[in-house]
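See structure below.
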Amino acid sequence: MDLMDKLAQSADYIVGRIGDEKVDIAIVLGSGLGDLADSLEDAVVVDYHDIPHFPVSTVPGHKGRLVAGRLEGRRVLCMQGRFHYYEGWSLQEVVYPVQTFHVMGIDRLFLTNAAGCVNTSWGPGNLMLITDHIKLMGDSPLRGRNPDGLGPRFFDMSTTWDKAAQDVARSAARKCGTTLREGVYMLFGGPQFETPAEVRLARILGADAVGMSTVPEAIAASHMGMRTLGISCLTNMGAGILDQKLNHEEVLETGERVKGAFTALVREIVRTWM
Ligand code: HPA
């Protein structure tokens, strides 16, 4: 079956479950932020495995479901659990949900994640507004036959990270009294953390954070002309910066510690991003 037909079936199924009221913002909840979906009003939950053609997440601690509902008076659709390249999904599969959102008529995408901090002036627990990204991985979610129904073959990436949305995030951070760093997110494939040399390379290339998600979704969103905003929770210093080993527990612990501030910021952004 053609990609456009699959997307239409997925979109129809989701709309059939959550209703056809326009969704203002789709939010991808990264590690640590998943609970936010549990606080939606009038929530409707749709498990990924019930949606035709949807991939199903395998990472422990990542739920696999959409939660639609109301947050700060806006209608949102949250992804509780995303798909990562390191799980074995193709980048086409990783971005399938975002393409489905577009077909549903959603035009704002809010991506969140946990990331390693490469900028030595910052530290674990800082939040970072993604102003741009670097992807040296050869693959692209748009590799292969172009889905012309979604966007053009060759497309601009200079406005992938929406400037107006970044202003909304800055104002929201001021309102919340939260320091919001700004920088460049660099994608690594994972699941292994980067080597110290890779973290040095990332810094030399102009990256402030390293992570294993978000960029494919942003590329697909850009292809379709969606407005995209991204915020990283910097959960640990990148490998080799400190004289200690990295582990997933540290990532989860910092995510837990920052959750309150991150959630408050996300709420304020959702309230004000028009
Ligand atoms: N590297 C890549 N991904 C991550 C990291 C990291 O240091 N921390 C959280 N996600």
Side-chain angles (χ1 to χ4, degrees), residues 27-36 57-63 79-89 91 94-95 110-139 141 161 180-219 229-263 265-266:
I27 309 176
V28 180
L29 301 169
S31 334
L33 263 191
D35 294 355
L36 183 65
S57 162
T58 64
V59 186
H62 283 262
K63 286 186 183 153
M79 277 188 83
Q80 223 174 13
R82 58 146 58 87
F83 303 100
H84 302 85
Y85 184 71
Y86 63 74
E87 292 175 83
W89 302 107
L91 289 183
V94 167
V95 303
F110 190 171
L111 300 169
T112 66
N113 61 48
C117 183
V118 167
N119 187 317
T120 52
S121 306
W122 307 343
N126 279 178
L127 298 175
M128 187 190 88
L129 177 63
I130 302 175
T131 54
D132 207 345
H133 74 246
I134 298 172
K135 176 184 76 65
L136 289 189
M137 191 193 286
D139 202 355
W161 300 98
L180 186 59
R181 309 293 191 187
E182 303 190 12
V184 174
Y185 176 100
M186 182 163 175
L187 176 71
F188 282 82
Q192 73 285 359
F193 290 118
E194 300 71 30
T195 63
E198 286 166 343
V199 169
R200 283 197 301 276
L201 172 90
R203 186 178 316 110
I204 290 166
L205 294 183
D208 298 287
V210 288
M212 307 173 192
S213 68
T214 301
V215 168
E217 292 101 314
I219 294 171
L229 176 65
I231 298 184
S232 297
C233 176
L234 307 180
T235 52
N236 56 281
M237 295 310 286
I241 295 178
L242 305 175
D243 188 19
Q244 66 185 51
K245 292 173 104 174
L246 265 57
N247 61 70
H248 188 53
E249 284 65 44
E250 182 187 6
V251 172
L252 297 179
E253 274 164 29
T254 310
E256 198 59 32
R257 177 162 66 77
V258 180
K259 193 162 81 178
F262 202 174
T263 302
L265 179 61
V266 169

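Not measured: the values here are computed from a predicted model. Counting convention: from 1, in listed order, for ligands and their atoms alike.
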### Task
Would you sort out whether Leu252 and Glu249 count as a side chain to side chain contact (heavy atoms under 4.5 Å, CB included), showing the intermediate values?
CA-CA 5 Å; Leu252 297 179; Glu249 284 65 44; 5.5 Å; no

### Message
Suppose I only count heavy atoms of Val251 and a 4.0 Å limit; which atoms of ligand 1 are within that range?
### Response
8 (N), 9 (C)

### Message
Would you say that Glu194 contacts Leu201 through its side chain, given a criterion of any heavy-atom pair below 4.5 Å between the two side chains?
### Response
no

### Task
Please identify which atoms of ligand 1 are closer than 4.0 Å to at least one heavy atom of Glu194.
1 (N), 2 (C), 6 (C), 7 (O)

### Query
Hey, does Leu129 have a side-chain heavy atom less than 4.5 Å from the side chain of Trp161?
no

#### Entry: Nearest-neighbour protein heavy atom for atom 3 (N) of ligand 1, which is reported as residue plus atom name and distance
Gly211 CA, 3.5 Å

### Query
Is Phe188 in contact with ligand 1, taking contact as a heavy-atom separation below 4.0 Å?
no

### Query
Near Gly116, which atoms of ligand 1 are under 4.0 Å from a heavy atom of that residue?
4 (C), 5 (C), 6 (C), 7 (O), 8 (N), 9 (C)

### Message
Rounded to the nearest 0.5 Å, what separates atom CG in Leu127 from atom CZ in Phe262?
### Response
5.5 Å

### Query
Relative to the heavy atoms of Ala114, which atoms of ligand 1 are at a distance of less than 4.0 Å?
9 (C), 10 (N)

### Task
Indicate yes or no: at least one non-hydrogen side-chain atom of Arg181 is less than 4.5 angstrom from one of Asp208.
no

### Query
For Leu246 and Met237, which heavy atoms make the closest approach, and how far apart are they?
CD1-O, 3.7 Å

### Query
Backbone, side chain, both or neither: what part of Ala115 comes under 4.0 angstrom of ligand 1, heavy atoms only?
backbone

### Task
Kindly indicate whether the side chain of Pro216, heavy atoms from C-beta on, has any atom under 4.5 Å from the side chain of Leu187.
yes

### Summary
Quick look: Val210 vs ligand 1, heavy-atom contacts under 4.0 Å, and the answer is both

#### Entry: Numbered atoms of ligand 1 (with element) below 4.0 Å of Leu246, judged on heavy atoms
7 (O)

### Message
Show the atoms of ligand 1 that are less than 4.0 angstrom away from any heavy atom in Asn236.
### Response
5 (C), 6 (C), 7 (O), 8 (N), 9 (C)

### Message
Check this for me, if you would: do Lys259 and Asp35 make a salt bridge, where the nitrogen-to-carboxylate-oxygen distance has to be below 4.0 angstrom?
### Response
yes

#### Entry: For Thr235, the ligand 1 atoms whose distance to one of its heavy atoms is below 4.0 Å
8 (N), 9 (C)

